[in-house]
Amino acid sequence: MAQSAFSLEFPDGTVREFDAGTTGKDVAEGISKSLAKKSVAISLNGELMDLAEPIASSGKIEIVTRTDDRALELIRHDCAHVLAEAVQELWPDTKVTIGPVIENGFYYDFDRAEPFTPEDLETIEKKMRQIIARNDPFTKQVWSRDDAKAHFEKMGETYKVELIDAIDADQNLNIYHQGEWHDLCLGPHGPSTGNVGNAFKLMSVAGAYWRGDSDNQMLSRIYGTAWADEKQLKNYLFMLEEAQKRDHRKLGREMDLFHFQEEGPGVVFWHANGWKVFQGLTNYMRRRLEEHGYDEVNAPQILDKALWQTSGHWDWYRENMFTTVTEDDRQFAIKPMNCPGHVQIFKNGLRSYRELPIKMAEFGNVHRYEPSGALHGLMRVRGFTQDDAHVFCTAEQLEAECLRINDLILTTYSDFGFGDIVVKLSTRPEKRVGTEEGWDRAESIMQKVLDKIEADSDGRIRTELNPGEGAFYGPKFEYVLRDAIGRDWQCGTTQVDFALPERFGAFYIDQNSEKQEPVMVHRAICGSMERFIGILIEHFAGHFPLWLAPVQAVVATITTEAEEYGQKVVDTLKAAGMRVQSDFRNEKINYKVREHSLAKVPAIIAIGAREAEEGTVSIRRLGSKHQTNMTLQEAVESLTEEAIAPDLKRKRDSG
RNA sequence: GCUGUUGUAGCUCAGGGGUAGAGCACUUCAUUGGUAAUGAAGAGGUCGGGUGUUCAAAUCACCUCAACAGCACCA
């Protein structure tokens with residue numbers, strides 16, 4: 001089959017003709033020998049291709065060198081193959097499955113009778129370095145599906161056979177070879193195993209289900225990280241260490257915020273300091289609710305099973321609910337969510353269209369029996385507090401309400417220093433309730449809102465679509481924020497609900513004295529107060545802004561002579577509304593500074609003979625090695641000013 | 001829930017078939033010291049829980065609980 005010539009456009013805009021059969025390597029060599037040496041792949045119309053692959057069509061070409069960001073994907077993928085070869089070389093009866101590239105690295109899942117040990121990882125890494133040193137070229141062969149299947153069957157690679165079975169019969173498959181070893185793989189790959197380089201590290205072993213399905217067999221997964229050079233690897237490992245230092249479970253203990261214990265898996269013991277943060281956050285949210293016209297309510301903790309049957313939760317999530325049977329054989333459930341309770345409040349009495357929208361908020365304490373393996377500090381617990389609210393409105397009010405909620409969510413996040421937000425619209429899933437027309441209408445309104453959110457944000461807010469990821473009762477927005485070290489957390493959500501008002505028979509009376517079903521919108525901003533505090537702890541690395549810090553300042557005396565004045569400083573700051581503690585212990589100032597710094601107290605106020613004499617204070621701020629001197633009055637003014645919550649500051653400044 | 005690992009004083013960790021050890025924290029005493037650990041003395045645990053093997057178990061086996069990592073789950 002003689003292919004005609006084709007033309008390629010280079011990044012600088014020049015266009016050149018090439019003969020059929022020309023490979024990426026040929027093109028690179030045509031430019032310069034050194035470029036050919038450095039190149040690892042080409043990008044044709046934005047898609048990466050093997051260097052050795054004959055180019056099949058015209059398009060925009062870029063030569064990708066090893067230092068290119070796009071080469072990182074190849075390095076990681078190559079590394080996964082090298083890992084698989086190393087494992088099979090060491091333990092030939094291990095079966096291979098798949099080994100994709102993930103954020104920061106790659107993994108490969110193996111089926112092996114014995115689990116891998118940490119020592120095995122070292123052995124494997126050594127073997128990998130040998131394979132990389134061999135620098136065998138990656139070569140691609142195209143096999144028919146049947147040949148490939150027969151081949152892997154003969155090898156006993158049952159997982160590969162299963163993968164091939166899932167591919168259409170008339171499709172050809174790529175087999176990538178590296179030395180003696182080969183694997184079924186879509187590609188592309190770098191030129192040779194040497195392309196992986198040295199900047200990789202096997203990180204951990206863990207179980208993982210075959211094809212991600214918990215009904216399937218569990219495989220042994222080896223995680224690795226790989227980078228273009230040692231410096232990047234070092235940076236990544238450093239970032240991991242930083243993340244570990246910020247771990248809210250560790251800081252929670254060090255800052256005396258909360259604890260967990262065996263008798264209460266997944267439920268939090270909030271200590272005085274932690275509860276101050278919790279209350280600080282709650283009070284902030286309360287003020288924001290007030291500002292946005294919400295009414296706070298409180299629905300019962302325990303309700304009869306019948307109510308949960310009506311809501312549908314009994315059928316769907318019964319195994320995740322805490323239930324109890326009383327002496328007289330009545331079955332109750334601890335609330336896993338607040339919506340049924342709020343619908344009862346809505347239904348109590350006759351509602352007029354004039355009342356709508358009704359915005360009902362609750363800091364609802366809910367309990368869910370989460371799978372034991374899911375629990376993780378404050379981030380995933382069995383008892384938590386939702387900053388929940390339900391907006392009952394008319395269909396016409398839906399758009400405006402979604403936008404108001406969006407406004408509340410975004411300003412809240414920005415008050416905590418989260419500026420990088422993604423809003424995702426999740427649309428109808430396969431399993432769903434409601435009519436197609438209902439979904440059409442709701443989704444089109446939500447899409448409109450989404451577009452407006454993006455348009456109004458000056459490019460600050462990114463939006464995405466999650467097709468099929470909506471709740472069974474309606475489409476939803478998910479708000480994802482990015483913390484100080486670049487990790488994403490989904491917190492807020494706005495969900496339209498078709499099902500619940502109908503299930504409970506909730507209605508209002510419209511202008512024509514007719515019964516109408518209200519539209520119900522569920523929304524949360526923090527999501528779980530517990531989890532949000534966990535995120536805040538890690539985001540701030542324990543360095544809470546002054547308005548949230550449980551202890552805002554410690555007054556530490558340098559000598560006992562300063563105690564009297566020290567007490568005056570404490571009293572003055574307390575009178576000004578500051579959360580202050582005194583440390584008049586018989587210890588050196590160095591010792592006190594160290595202790596309160598470790599406890600992440602934002603301001604240490606040292607008081608010695610000099611300060612007592614002059615009526616001044618010496619303030620050392622957390623994270624600084626220096627201190628500033630000022631009069632007590634100046635200190636009170638600057639600290640109280642800084643301790644004003646951002647919403648109150650906004651209110652004050654706007655009038 | 002699944003796979004693997006771990007569980008010794010408040011914290012971090014050592015030890016390991018013959019009845020527990022360090023550092024920090026704590027208490028007391030001395031020290032009154034100017035911004036990340038002053039010194040000395042003292043007190044503190046029966047080794048996550050249970051059952052078994054053994055003359056003897058924290059140490060071995062089994063069961064169980066919890067935590068950690070990942071997977072699955074997250075209304």
Side-chain angles (χ1 to χ4, degrees), chain A residues 102 107 109 112 114-118 203-223 247 249-250 253-254 256 259-266 308 311-321 335-340 366 368-377 379-382 384 386 431 470-474 476 490 493 495 497 499-500 522 527-528 531 556-563 584-599 604-611 618-629:
Chain A
I102 52 172
Y107 66 77
D109 286 346
R112 178 169 177 247
E114 291 283 300
F116 294 104
T117 65
M203 303 298 284
S204 60
V205 200
Y209 298 109
W210 168 234
R211 311 199 107 187
D213 187 333
S214 59
D215 291 332
N216 285 342
Q217 164 160 20
M218 185 151 272
L219 305 167
S220 289
R221 173 172 299 179
I222 296 180
Y223 281 96
D247 191 313
R249 293 165 298 185
K250 181 171 168 281
R253 188 178 56 242
E254 289 170 2
D256 196 17
H259 85 270
F260 291 92
Q261 66 187 46
E262 284 201 21
E263 292 83 350
W308 305 109
S311 73
H313 293 105
W314 195 262
D315 293 333
W316 282 69
Y317 300 105
R318 188 167 128 70
E319 67 281 5
N320 288 321
M321 290 166 72
K335 70 173 174 184
M337 49 187 357
N338 308 298
C339 356
V366 297
R368 300 176 180 180
Y369 193 72
E370 303 287 3
S372 57
L375 303 180
H376 182 95
M379 303 304 192
R380 190 80 181 271
V381 285
R382 287 190 175 145
F384 59 101
Q386 289 180 312
K431 271 180 90 178
F472 68 89
Y473 49 73
K476 63 179 176 187
Q490 200 242 296
T493 172
Q495 311 183 354
D497 191 338
L500 221 52
H522 309 248
S528 145
R531 179 165 173 274
T557 46
I558 296 169
T559 64
T560 39
E561 278 96 75
E563 259 184 48
F584 297 166
R585 291 175 305 170
N586 177 12
E587 295 291 349
K588 291 189 170 172
I589 190 65
N590 291 336
Y591 183 90
K592 294 183 182 181
V593 165
R594 176 182 153 80
E595 200 165 85
H596 301 304
S597 296
L598 287 174
I604 298 170
I605 302 176
I607 301 294
R610 211 155 59 220
E611 284 76 13
S618 159
I619 301 185
R620 179 187 169 122
R621 297 302 303 259
L622 182 58
S624 161
K625 283 197 190 320
H626 306 98
Q627 49 275 347
T628 43
N629 276 281

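Here is how names work: the chains are called A, B, and so on, in the same order as the sequence lines, proteins then strands, and each is numbered from 1. Quick note: numbers below take in every heavy atom, side chains included, and nothing from hydrogens, waters or symmetry partners.
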> Choosing from B/U38, B/U32, B/A36, which nucleotide comes nearest the side chain of A/Glu587?
Replying inline: B/U38
> Considering all heavy atoms of both residues, which atom of A/Trp210 and which atom of A/Asn216 are nearest to each other, and what is their separation?
Replying inline: O-ND2, 2.8 Å
> In terms of the nearest nucleotide of RNA chain B, which residue is placed more toward the 5' end: A/Arg249 or A/Phe472?
Replying inline: A/Arg249
> CD1 of A/Ile604 versus P of B/G34: gap in Å, rounded?
Replying inline: 17 Å
> For the side chain of A/Tyr209 and the base of B/G70, is some donor closer than 3.5 Å to an acceptor across the two?
Replying inline: no
> Which listed nucleotide (B/A36, B/C2, B/A75) is nearest to the side chain of A/Leu598?
Replying inline: B/A36
> Just to confirm, is there a sub-4.0 Å distance from OP1 or OP2 of B/C2 to any side-chain nitrogen or oxygen of A/Ser214?
Replying inline: no
> Less than 3.5 Å between a donor and an acceptor, one on the side chain of A/Glu611 and one on the base of B/G34, is that the case here?
Replying inline: yes
>> Between C1' on B/A75 and NZ on A/Lys335, what's the gap in Å once rounded to a whole number?
In response: 15 Å
> Would you call the rings of A/Trp316 and A/Phe472 parallel, tilted or perpendicular if under 30° counts as parallel and over 60° as perpendicular?
Replying inline: parallel
> Side chain of A/Arg382, backbone of A/Glu370: donor and acceptor closer than 3.5 Å?
Replying inline: yes
>> Counting Watson-Crick and G-U wobble pairs with both distances under 3.5 Å, what is the dot-bracket string for RNA chain B, 5' to 3', using [ ] for crossing pairs and | for pairs to another strand?
In response: (((((((..((((....[..)))).(((((.......))))).....(((((..]....))))))))))))....
What's touching nucleotides 43-49 of chain B from the protein side, N or O pairs under 3.5 Å?
none

>> Students often get this wrong, so: under 4.0 angstrom with heavy atoms, is A/Phe260 touching a base, only sugar-phosphate, or nothing?
In response: nothing
> The side chain of A/Ser597 lies closest to which of these nucleotides: B/C73, B/A75, B/A36?
Replying inline: B/A36
> Quick one: the side chain of A/Arg211 and the base of B/C71, do they pair up donor-acceptor inside 3.5 Å?
Replying inline: no
> How close or far is atom P of B/A72 from atom CZ of A/Arg380, stated in whole angstroms?
Replying inline: 12 Å
> Taking the side chain as C-beta and beyond, is there a heavy-atom pair between A/Pro115 and A/Val205 under 4.5 Å?
Replying inline: no
>> I need the CZ-P distance between A/Arg594 and B/C24, as an integer number of Å.
In response: 11 Å
> So among A/Ile558, A/Thr559, A/Thr557, which one has a side chain to side chain contact (heavy atoms under 4.5 Å, CB included) with A/Glu561?
Replying inline: A/Thr559
> What nucleotide among B/G70, B/G34, B/G1 has an atom nearest to a side-chain atom of A/Ser372?
Replying inline: B/G1
> Yes or no on side chain to side chain contact (heavy atoms under 4.5 Å, CB included) for A/Arg531 and A/Val381, after CA distance, side-chain angles and deciding distance?
Replying inline: CA-CA 8 Å; A/Arg531 179 165 173 274; A/Val381 285; over 6 Å; no
> Could you give the distance from CD1 (A/Ile607) to OG (A/Ser618), rounded to the nearest 0.5 Å?
Replying inline: 7.5 Å
>> Whether the side chain of A/Lys592 engages the backbone of A/Arg585 through a donor-acceptor N/O pair (distance < 3.5 Å, no angle test) should be reported.
In response: yes
>> Counting the atoms with a prime plus P, OP1 and OP2 as sugar-phosphate, which does A/Ala471 contact under 4.0 Å by heavy atoms, base, sugar-phosphate, or nothing?
In response: nothing
> Can you check the A/His376 NE2 to B/A69 P distance for me, whole Å?
Replying inline: 5 Å
>> Using the P atom as the point on both nucleotides, what is the distance between B/A22 and B/A14, in whole Å?
In response: 16 Å
>> By the 4.0 Å heavy-atom rule, please label A/Ser618 as base, sugar-phosphate, or nothing.
In response: base
>> Need one value for A/Arg253: base, sugar-phosphate or nothing, where a base atom within 4.0 Å counts as base even if backbone is also close, heavy atoms only.
In response: sugar-phosphate
> Taking the nucleotide of RNA chain B with the closest heavy atom to each, which residue, A/Glu595 or A/Lys476, is nearer the 5' end?
Replying inline: A/Glu595
>> Could you check whether A/Asp247 pairs with A/Arg249 (Lys NZ or Arg NE/NH1/NH2 to Asp/Glu carboxylate O, under 4.0 Å)?
In response: yes
Got a list of protein N/O to nucleotides 4-6 of chain B N/O distances below 3.5 Å?
none

>> Is there a side chain to side chain contact (heavy atoms under 4.5 Å, CB included) between A/Tyr473 and A/Leu500? Walk through the geometry before answering.
In response: CA-CA 8 Å; A/Tyr473 49 73; A/Leu500 221 52; over 6 Å; no
> Mind checking the P distance from B/C74 to B/G15? Whole angstroms is fine.
Replying inline: 42 Å
> Rounding to the closest angstrom, what is the interatomic distance between B/A58 and B/U8 at atom C1'?
Replying inline: 7 Å
>> Taking the side chain as everything from C-beta on, heavy atoms only, tell me whether A/Val366 gets closer than 4.5 Å to A/Pro336.
In response: no
> Which whole number of Å gives the distance between the C1' atom of B/G33 and that of B/A37?
Replying inline: 13 Å
>> Taking the C1' atom in each of B/U19 and B/A56, what is the distance between them to the nearest angstrom?
In response: 9 Å
> Under 4.0 angstrom, heavy atoms only, what part of the nucleic acid is A/Leu375 near: base, sugar-phosphate, or nothing?
Replying inline: sugar-phosphate
>> Using side-chain heavy atoms (C-beta onward) and a distance below 4.5 Å, is A/Leu598 in contact with A/Arg594?
In response: yes
>> Over all strands shown, is A/Ala609 touching base, sugar-phosphate only, or nothing at heavy-atom distances under 4.0 angstrom?
In response: base
> How far, in whole Å, is B/G7 from B/G48 if one measures between their P atoms?
Replying inline: 8 Å
>> What is the separation between atom CE on A/Met337 and atom C1' on B/C74, rounded to the nearest whole Å?
In response: 11 Å
> Within this structure, what is the OH-to-P distance between A/Tyr591 and B/C24, rounded to whole angstrom?
Replying inline: 10 Å
>> Using modelled atom types and a 3.5 Å cut-off, is there a donor and acceptor pairing between side-chain atoms of A/Arg368 and backbone atoms of A/Asn320?
In response: no
> Does the side chain of A/Leu622 reach to within under 4.5 Å of the side chain of A/His596, using non-hydrogen atoms?
Replying inline: no
> How far does the P atom of B/C62 sit from the matching atom of B/U27, given to the nearest Å?
Replying inline: 44 Å
>> Rounded to whole Å, how long is the line connecting atom CZ of A/Arg585 with atom P of B/A30?
In response: 18 Å
> If we only count heavy atoms from C-beta on, is the A/Ser311 to A/Met337 side-chain gap below 4.5 Å?
Replying inline: no
>> For the P atoms, the ones on B/U6 and on B/A43, what distance do you get once it is rounded to whole angstrom?
In response: 35 Å
>> Just to be sure I understand the rule, does A/Gly312 reach a base, reach only the sugar-phosphate, or reach nothing, if contact means heavy atoms closer than 4.0 Å?
In response: nothing
> So what does A/Asp213 hit on the nucleic acid, given a heavy-atom distance under 4.0 Å: a base, only sugar-phosphate, or nothing?
Replying inline: nothing
>> At 4.0 Å (heavy atoms only), tell me whether A/Pro371 reaches a base, stays on the sugar-phosphate, or touches nothing.
In response: base
> With a 4.0 Å cut-off on heavy atoms, is A/Pro336 in touch with a base, just the backbone sugar-phosphate, or nothing at all?
Replying inline: base
